[in-house]
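Report on one structure; see the data block that follows.
Just follow the structure's listing: the first ligand is 1, and inside any ligand the first atom is 1.
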Amino acid sequence: MKVLLLGSGGREHAIAWKIAQSSILDELFIAPGNAGTKKHGKNIELSVTDFEGIKTFVLQNNIDMVVVGPEEPLVLGIYDFFTADPQLKNVAVIGPSQEGAQLEGSKDFAKAFMSRHKIPTAKYGTFNANTLADGLRFLDNMKGPYVLKADGLAAGKGVLIIDDLDEAKKELQEMLLEEKFGKASAKVVIEQFLDGIELSVFAITDGESFKLLPEAKDYKRIGEGDTGLNTGGMGAISPVPFADAAFMDKVLNRVVIPTIKGLKQEKIVYNGFVFFGLINVKGDPYVIEYNCRMGDPETEVVMPRLKSDILDLFEGVATHTLSERDIQFHDKTAATVMMVAGGYPGAYEKGKTIYGLNSITDSLVFHAGTLADGPSVLSNGGRVLAVTSYGKNLESALERSYDSISKISFEDANFRKDIGRDVLDH
Ligand code: AMP
Ligand code: GLY
């Protein structure tokens, strides 16, 4: 099989690493990729949203399957672009239709979907500029903290959690009237605050059946002890100790099955990953968000725990035979720690030479924001490297990652020293 993988982050490096191990792979291309993906296939200079450019490449290179890493091309309708084109319609696209991608692309769509299918989530209301007065009244009738979410994609920045009622009202006005998050905040979802511990659950589906992937926990804040600004994610672990059989049974029956059934019932075409951002409130799962793709950095621990051939699963998705495929996991723990640029998630510099990569033997180093420069590797983003290790338990996996990190350096590198600590202390 000839595969084109779209994306350029740590998630895509981990997926490329996994695809490269498949017994049915003939050739792997990654667009645009990074200095890490290059080791597993050929990087192609193409933007993930340049559908015409992707089409030309796919036709010229007889690509059989396109695996979509990030949400943007999905929300822009890359699946539908392929199926509507007579020349492309036999190329498999791993990712949902544009309508399915609305689970991530519109918070209001996701909330309405959940309420139609009785999937547990925070109570909410959706407001626009014309219904601002209703939104303000809605806030008056709630208890804080107040959760305000821009409806559309806002690069992970569209969620505000505010303690003070007056400040929440001011923010709501700025989102609706002053386009605080651009068009993404033309509609705002206001929801009840849920207090609990978060985890990420992943399924892959062909629209009929699904397989659960290993669950993971992501560390979103920049600072130790979960303080400071939100980031794309500073580390992840899998498995998640509090996701025991009883909890996962509730996740399956209350969240995953109703979601897959609901998509089918509503004839929403969905052939790809579903990411359930969950919160455990006193032993019960609630959906905080859906994403229409894998998580990053969760993928950097999920792929290493997947024993099965990922292209076999993808083929099952493409041919609607997923139920016949086998999925197996490694029993080991995997932990990843992100090395980021100094200043991230605020302003940061790129182009720093990364040293020590060749000395790492006990970890998998997944590249996130990197660029090959001849034999050198330069930093090329806020999140630079995800250093993943296996262990017989969480402690030993983390110890290996931190030991590997001590051998890698670039100017102003930063990382969290407490990944997994909350779970170990629990
Ligand atoms: P989202 O982009 O929807 O995942 O929201 C970003 C982060 O905000 C989540 O990872 C949670 O930590 C937090 N969050 C979102 N919604 C809620 C909620 N209803 N209650 C508590 N925290 C929330
Ligand atoms: N790690 C969270 C996300 O990928 O959205």
Side-chain angles (χ1 to χ4, degrees), residues 7 9-12 14-15 68-72 74-75 101 103-111 114 119-126 142-163 168 181 184-185 188-202 213 215-222 226-238 240 273-282 284-303 336-338 340 345 366 368 382-383 386 416 419 422:
R11 168 180 51 215
E12 286 74 23
I15 295 173
V68 187
E71 62 279 13
E72 206 188 350
L74 293 166
V75 172
L103 282 184
E104 173 164 5
S106 165
K107 303 264 187 208
D108 180 47
F109 177 95
K111 296 296 281 190
M114 285 185 267
I119 294 164
T121 187
K123 292 195 182 63
Y124 81 107
T126 303
M142 281 176 90
K143 273 195 286 198
Y146 305 92
V147 182
L148 306 184
K149 298 185 172 185
D151 177 60
L153 291 184
K157 298 194 171 73
V159 176
L160 302 176
I161 297 177
I162 301 163
D163 288 319
F181 298 103
S185 64
V188 173
V189 168
I190 303 178
E191 65 178 40
Q192 168 205 11
F193 179 81
L194 298 173
D195 195 10
I197 184 159
E198 288 177 59
L199 81 160
S200 308
V201 168
F202 305 95
L213 295 164
E215 79 286 354
K217 185 176 192 317
D218 156 28
Y219 291 79
K220 284 210 176 88
R221 304 291 196 91
I222 186 70
D226 279 325
T227 53
L229 294 174
N230 252 323
T231 70
M234 296 294 288
I237 61 167
S238 177
V240 179
F273 294 107
V274 191
F275 170 154
F276 304 87
L278 303 179
I279 189 159
N280 175 345
V281 183
K282 298 192 183 90
D284 289 320
Y286 289 81
V287 178
I288 291 269
E289 64 165 346
Y290 285 113
N291 293 309
C292 60
R293 37 119 189 134
M294 284 298 292
D296 194 350
E298 290 97 324
T299 307
E300 290 94 303
V301 291
V302 170
M303 287 301 140
T336 197
V337 180
M338 262 299 167
V340 305
F366 294 120
R383 294 193 291 173
R416 263 178 71 167
I419 300 303
D422 56 340

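- Contact atoms of ligand 2 toward Asp218: 1 (N), 2 (C) (distance under 4.0 Å to a heavy atom of the residue).
- Ion pairing between Arg416 and Asp226 holds under the 4.0 Å rule for side-chain N and carboxylate O.
- Taking the charged nitrogens against the carboxylate oxygens, Glu191 and Lys107 have no contact shorter than 4.0 Å, which rules out a salt bridge.
- Every atom of ligand 2 is numbered from 1 in the order shown, and the set under 4.0 Å from a heavy atom of Gly295 is 4 (O).
- Close contacts of ligand 1 with Phe193, meaning ligand atoms under 4.0 Å from a residue heavy atom, involve 20 (N), 21 (C), 22 (N).
- In plain terms, the two heavy atoms of Ile419 and Ile237 that are nearest each other are CG2-CG2, 4.2 Å.
- The ring of Phe276 has its center closer than 6.0 angstrom to the ring center of Tyr290.
- For atom 9 (C) of ligand 1, the closest non-hydrogen atom on the protein side is Glu198 OE1, 3.5 Å.
- Remark: ligand 2 and Lys220 share no N or O pair separated by less than 3.5 Å (distance only, no angle test).
- Within the 3.5 Å criterion, the main-chain N or O of Asp108 finds a donor-acceptor partner in the side chain of Asp151.
- Distance screen at 4.0 Å: atom 7 (C) of ligand 1 has no protein heavy-atom neighbour inside the cut-off.
- Contact atoms of ligand 1 toward Lys149: 3 (O), 15 (C), 16 (N) (distance under 4.0 Å to a heavy atom of the residue).
- Between Glu215 and Leu278 the shortest side-chain heavy-atom distance does not fall below 4.5 Å.
- For Lys220, every heavy-atom contact with ligand 1 shorter than 4.0 Å involves the side chain, none the backbone.
- Interface atoms of ligand 1 facing Ile161, defined by a heavy-atom separation under 4.0 Å, are 8 (O), 13 (C), 14 (N), 22 (N), 23 (C).
- At least one N or O atom of Asp296, backbone or side chain, sits closer than 3.5 Å to an N or O atom of ligand 2.
- The closest heavy-atom contact to atom 5 (O) of ligand 2, among the options Glu289, Arg293, Glu298, comes from Arg293.
- Minimum heavy-atom separation, Gly228 to Arg221: O-NH1, 2.9 Å.
- Contact detail for Val301 and Thr336: the closest heavy-atom pair is CG1-N, 3.5 Å.
- Minimum heavy-atom separation, Arg383 to Ala368: O-CB, 3.3 Å.
- Near Lys107, meaning under 4.0 Å from one of its heavy atoms, ligand 1 places the atoms 1 (P), 2 (O), 3 (O).
- Within the 4.5 Å cutoff, the side chain of Val75 has no heavy atoms near those of the Arg293 side chain.
- Of the candidates Ile288, Leu194, Val281, the one placing a heavy atom closest to atom 23 (C) of ligand 1 is Ile288.
- Contact atoms of ligand 1 toward Glu191: 16 (N), 17 (C), 18 (C), 19 (N) (distance under 4.0 Å to a heavy atom of the residue).
- Contact atoms of ligand 2 toward Gly232: 1 (N) (distance under 4.0 Å to a heavy atom of the residue).
- The option with the heavy atom closest to atom 2 (O) of ligand 1, from among Leu148, Asn230, Val189, Val159, is Val159.
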